[in-house]
Amino acid sequence: MIRVYNTLSQQKEVFKPLEPGKVRMYVCGMTVYDYCHLGHARVLTAFDVVTRYLRHRGYEVNYVRNITDIDDKILQRAEANNEDYLALTNRMIQAMHEDEARLGIQPPTAEPRATEFISEIIAMIQVLVNKGYAYPAANGDVYFAVNTFEGYGKLSKKKLEDLVAGARVGVSDAKRSPADFVLWKAAKPGEVSWASPWGEGRPGWHIECSAMSTCCLGETFDIHGGGPDLLFPHHENEIAQSEAATERPFVNVWMHAGAVRVDKEKMSKSLGNFFTIREILEKYPAEVVRYFLVSSHYRSQVDYSEDNLEEAGRTLSRLYQSLRGLVPAESAPETDSDRRFEAAMDDDFNSPGALTVLHALASDINVSRRDGHDEAAGKNAAVLIRLGKVLGLLQQDPEAFFKAGAVEDLTADTIEAMIQARNQARKEKNFSEADRIRDELAEKGVVLDDSREGTSWRRG
RNA sequence: GGCGCGGUGGCAGAGUGGUUAUGCAGCGGACUGCAACUCCGUUAACGCCGGUUCGAUUCCGACCCGCGCCUCCA
C-alpha cells in the first residue's frame with residue numbers, strides 16, 4: 001500500500017490508480033530557453049524516483065513530461081542571440097537530454113512539445129469560449145474568466161478576493177478582472193504565430209499543459225507533478241481550464257517537489273542565483289549529485305553547498321566501497337531489506353529512509369567480507385545493487401566510480417607503475433620512499449588503499 | 001497583509017506518544033611499517049512557554065525564528 005502526499009488535500013492518501021495496475025502521470029517539464037539548473041534536476045530526479053518505484057511495485061507507468069518550446073522568454077532569448085527560435089529550443093532540448101542522461105534520469109514515456117499541440121490547444125480554448133469560461137478581448141488576446149470557475153483557488157488555497165485585492169497581477173485593460181489569465185496571445189507583427197479563430201497568435205503558458213495532459217492521458221488522470229513554484233498560478237490555472245472544459249475532475253493527486261536553495265534563498269532564474277547542471281557536473285560526479293538530491297525527501301527543501309555535495313560524495317563512496325572487488329550473486333531472493341526498503345518508499349517515497357537500508361546492507365557486506373563469508377556478502381551485494389537501482393544509484397562498476405574523473409597529468413598506467421614502485425620500496429622496508437610516492441599521488445588526488453589482495457587506488 | 005511549509009545531536013537528515021534512525025565529522029580501540037579503507041565501541045538532539053497524558057521530541061494552544069507562494073521561475 002503506497003501512500004502519497006496530495007497537495008490538494010494537504011495530506012497523505014492511499015494511492016489508488018484509476019485503472020488497476022496502471023498509473024498515468026504528467027509532470028511539467030522545462031521551458032527550453034536556457035540550460036537546466038539544479039532546481040530542474042531536483043524535479044527531474046524526484047519524479048524519476050517516483051516512476052522507478054511505481055514500476056518496481058509492478059505498476060505500468062505512463063509518464064508524460066512536456067516541453068514548453070514556445071513562449072515570451074524563448075522568443076526574447078532567440079532574438080538576443082540573433083538565433084532562430086527553433087534552433088535555440090532544439091539546442092536546449094538536446095542539452096537537457098544530455099544532462100538527464102548523466103544524472104541517470106530515465107526518459108519519460110512521452111515528451112510532447114507545445115508547438116506540436118497547437119490545434120488541440122485551439123480546440124480547448126474554443127470549448128472554453130463556447131461555454132462562457134473564456135472571452136476574446138479587444139486586443140486579440142483570449143482570456144480565461146477566473147470568476148466563472150467555482151473551484152478556483154482550491155489547489156493553492158487562495159481566495160479570489162485576495163488575489164484581486166492583492167493586485168500585483170499585472171492589470172491589463174483588456175482583462176475583465178486582474179486575476180484573469182491569457183489563453184491565447186495575439187501575435188505582434190513579425191512574431192512567430194499560428195492561425196486561430198481569434199487571429200494570428202500563440203498559446204498562453206498554462207493552456208498547453210491542460211491540452212497536452214488531457215490529450216495524452218485522458219480527461220482525468222492519476223498524478224500531476226511539478227516544481228514548487230508551479231503550484232500557483234500554473235497548476236491552479238490548469239485545473240480551472242481543464243475542469244471547465246471537460247467538466248470532469250482533472251487530477252487525483254498533485255505532487256510538488258521542494259525547492260533547492262543557495263545561502264538560504266531559493267535557487268531561481270529571477271534571483272540569478274542558480275547553478276546549471278552542467279556547471280555542477282564539472283565539479284562533482286553525476287551520481288554524487290543524484291545521491292545528494294535523493295538523500296533528502298522530495299518535498300523538503302535542500303540546500304546546495306559544497307560541503308553538502310562533498311559529504312554526499314563521501315557517503316556514496318562508502319556504499320561503493322562495500323561493493324568494490326566483490327562479485328555480486330547472480331540473483332538473490334527477497335529479503336528483509338527489500339521489505340524495509342519498500343516500507344520506507346511506500347510512505348510517500350521516503351528515499352532518505354530507504355537509504356538507511358542501503359547503508360545497513362553495506363555494513364553487513366563489510367562484516368561478511370571481514371569474516372570471509374564471501375557468499376553472504378555476494379548475496380547482499382546483489383540486494384544492494386537491486387535496491388540501489390530503484391533510486392537510480394549504485395549501477396556503476398565500483399572501479400569505474402572510484403577512478404572516474406580527472407586525475408590530472410597521470411595516466412592509469414603511470415599510477416600503477418608508481419604503486420608497484422611503492423610496494424617494492426615497502427618490501428625493502430624503505431618506508432620513507434614508499435610514503436613519498438603515496439604523498440605524491442595524494443597531492444594529485446589519488447588515494448591508495450592497501451589490502452591483503454594488493455593495492456588499489458581511487459580519486460580522492 | 002493573505003495562504004502554506006518548517007525549526008531534531010558539530011553538520012546533513014529520517015522518524016516515533018514510552019524502546020539505537022542513518023550518514024558525515026569527532027573520540028577510544030582493532031587492522032596497518034605508518035596511514036587510508038574496513039571493523040568494534042563511543043560522545044551527542046528534538047526552537048520557547050503552557051496544556052492533555054502515567055509518560056511528549058512526537059498530540060493541542062500561544063509565542064519566537066526561518067523559508068516559500070501571492071509577478072516569469074522546477
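Since the model is a prediction, treat every value here as computed from it, not as a measurement. Chain identifiers are assigned alphabetically (A, B, ...) following the order of the sequence lines, protein sequences preceding nucleic acid strands; residue numbering begins at 1 within each chain.
- Distance from the side chain of A:Asp229 is smallest for B:A74 among the nucleotides B:A74, B:A36, B:G15.
- Rounded to whole Å, the distance from CZ on A:Phe274 to P on B:C73 is 14 Å.
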Report task. Starting at the 5' end of nucleotides 21-34 of chain B, put B wherever the base has a protein heavy atom under 4.0 Å, S where only the sugar-phosphate does, and a dash everywhere else. Result -> BSBSS-------BB
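- Tested against A:Asn6 for a side chain to side chain donor-acceptor pair (under 3.5 Å), the candidates A:His256, A:Glu13, A:Gln11 yield a single pass: A:Glu13.
- Nucleic acid contact class of A:Gly153 (heavy atoms, under 4.0 Å, all strands): none.
- Salt bridge annotation for A:Asp99-A:Arg278: present, with a cationic side-chain nitrogen under 4.0 angstrom from a carboxylate oxygen.
- In this structure, A:Ala259 reaches the bases: a heavy-atom distance under 4.0 Å links it to at least one base atom across the strands shown.
- A:Ser322 comes within 4.0 angstrom of nothing in the nucleic acid, heavy atoms only.
- Inspection of the A:Asn350 and A:Tyr298 side chains reveals no N or O donor paired with an N or O acceptor under 3.5 Å.
- Listed nucleotides: B:G15, B:A74, B:C37. Nearest to the side chain of A:Asn350: B:G15.
- Remark: A:Lys264 does not engage A:Asp303 in a salt bridge, criterion side-chain N to carboxylate O under 4.0 Å.
- Between the side chain of A:His297 and the base of B:A14, no donor-acceptor pair of N or O atoms lies under 3.5 Å.
- Comparing B:G29 with B:C65, their C1' atoms sit 43 Å apart, to the nearest whole Å.
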Less than 3.5 Å apart, which donor and acceptor atoms pair up between the side chains of residues 24-38 of chain A and the rest of the protein, not counting sequence neighbours?
residue : atom : partner  : partner atom : Å
A:Arg24 : NH1  : A:Leu217 : O            : 2.7
A:Arg24 : NH1  : A:Thr220 : O            : 3.4
A:Tyr26 : OH   : A:Asn66  : OD1          : 3.2

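- Straight-line distance from the CG atom of A:Leu231 to the P atom of B:C3: 16 Å, rounded to whole Å.
- Taking the side chain as every heavy atom from C-beta outward, A:His206 and A:Pro233 approach each other to under 4.5 Å.
- Distances were taken from every side-chain heavy atom of A:Arg261 (C-beta onward) to each of B:C5, B:C70, B:G66; the shortest belongs to B:G66.
- Residue contacts shown for A:Val260 include a base, since a base heavy atom lies under 4.0 Å away.
- Within 4.0 Å (heavy atoms only), A:Lys264 reaches sugar-phosphate atoms of the nucleic acid but no base atom.
- Tested against A:Asp449 for a salt bridge (charged side-chain N to carboxylate O under 4.0 Å, His left out), the candidates A:Arg438, A:Arg324, A:Lys403 yield a single pass: A:Arg324.
- Residues from residues 265-272 of chain A with heavy atoms under 4.0 angstrom of RNA chain B, sorted by number: A:Glu265, A:Lys266, A:Met267, A:Ser268, A:Lys269, A:Ser270.
- The nearest heavy atom of RNA chain B to A:Asn366 and to A:Asp303 marks one nucleotide each, and the one closer to the 5' end goes with A:Asp303.
- A:Phe401 carries A:Arg459 over the face of its six-membered ring, with the cationic atom under 6.0 Å from the centre and within 45° of the normal.
- Contact between the side-chain N/O atoms of A:Trp457 and the OP1/OP2 oxygens of B:A36 is not found at any separation under 4.0 Å.
- Side-chain atoms of A:Asn308 lie closest to B:A12 of the nucleotides B:A12, B:C5, B:A74.
- If you measure from atom CG of A:Leu44 to atom C1' of B:C73, you get 15 Å, rounded to the nearest angstrom.
- Near RNA chain B, meaning a heavy atom under 4.0 Å away, there are no residues from residues 234-243 of chain A.
- Nearest to the side-chain atoms of A:Leu230 among the listed nucleotides B:C73, B:C3, B:A74 stands B:A74.
- Taking atom C1' in both B:C11 and B:U19, one finds a spacing of 26 Å when rounded to whole Å.
- The distance from atom CG of A:Leu448 to atom CD1 of A:Ile437, rounded to the nearest 0.5 Å, is 9.5 Å.
- Comparing the same atom, P, in B:C37 and in B:C27 gives a spacing of 13 Å after rounding to whole Å.
- We find that CD of A:Gln301 is positioned 13 Å from C1' of B:A12, with the value rounded to whole Å.
- Put simply, NE2 on A:His40 is 4 Å from P on B:A74, counting in whole angstrom units.
- Neither side chain, A:Ser210 nor A:Glu238, offers a donor N or O lying under 3.5 Å from an acceptor on the other.
- Taking atom P on both B:U52 and B:U58, the two are 15 Å apart, rounded to the nearest angstrom.
- Checking B:A14, B:A74, B:C70 against the side-chain heavy atoms of A:Ser296 singles out B:A14 as nearest.
- Using a cutoff of 4.0 Å between basic side-chain nitrogens and carboxylate oxygens, A:Asp450 and A:Arg426 are scored as salt-bridged.
- Only the C1' atoms considered, B:G18 is 22 Å distant from B:U22, to the nearest whole Å.
- When side chains are defined from C-beta on, A:Phe232 does not count as touching A:Leu155, because their heavy atoms never get closer than 4.5 Å.
- Rounded to an integer number of Å, the gap from A:Ile105 CD1 to B:A74 P is 16 Å.
- You'll find the side chain of A:Val14 stays beyond 4.5 Å of the side chain of A:Ile2, heavy atoms only.
- A:Asn308 and A:Ser305 share a donor-acceptor pair across their side chains, judged by distance under 3.5 Å alone.
- Side-chain atoms of A:Asn147 and A:Tyr152 form no donor-acceptor pair, as typed in the model, at a separation below 3.5 Å.
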Report summary line: Its dot-bracket string being built from Watson-Crick and G-U pairs below 3.5 Å, with | for another strand and [ ] for crossing, RNA chain B has the pattern (((((((..(((.....[...))).(((((.......)))))....(.(((..]....))).))))))))....
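- Judged purely by distance below 3.5 Å, without hydrogens or angles, the side chains of A:Glu100 and A:His40 never pair a donor atom with an acceptor atom.
- Between A:Gly29 and A:Val302, the residue anchored nearer the 5' end of RNA chain B, judged by the nucleotide with its closest heavy atom, is A:Val302.
- Distance noted for atom C1' between B:A25 and B:C5: 29 Å (whole Å).
- Heavy atoms of A:Lys157 sit under 4.0 angstrom from primed sugar atoms or phosphate atoms, though from no base atom.
- Distance A:His206 NE2 to B:C73 C1': 12 Å, rounded to the nearest Å.
- For RNA chain B, none of the residues of residues 276-287 of chain A falls under the heavy-atom distance limit of 4.0 Å.
- Applying salt bridge (charged side-chain N to carboxylate O under 4.0 Å, His left out) to A:Asp348 and the options A:Arg3, A:Arg299, A:Lys12 leaves one that passes, A:Arg299.
- Taking the C1' atom of each, B:A45 and B:A21 are spaced 12 Å apart, rounded to whole Å.
- Rounded to whole Å, the separation between the P atoms of B:G6 and B:C60 comes to 12 Å.
- Rounded to whole angstrom, the span from the NZ atom of A:Lys73 across to the P atom of B:C73 amounts to 5 Å.
- Looking at every heavy atom in both residues, A:Gln395 comes nearest to A:Ile385 through NE2-O, 3.0 Å.
- Atom CG of A:Leu393 sits about 6.5 Å away from atom CG of A:Leu355, to the nearest 0.5 Å.
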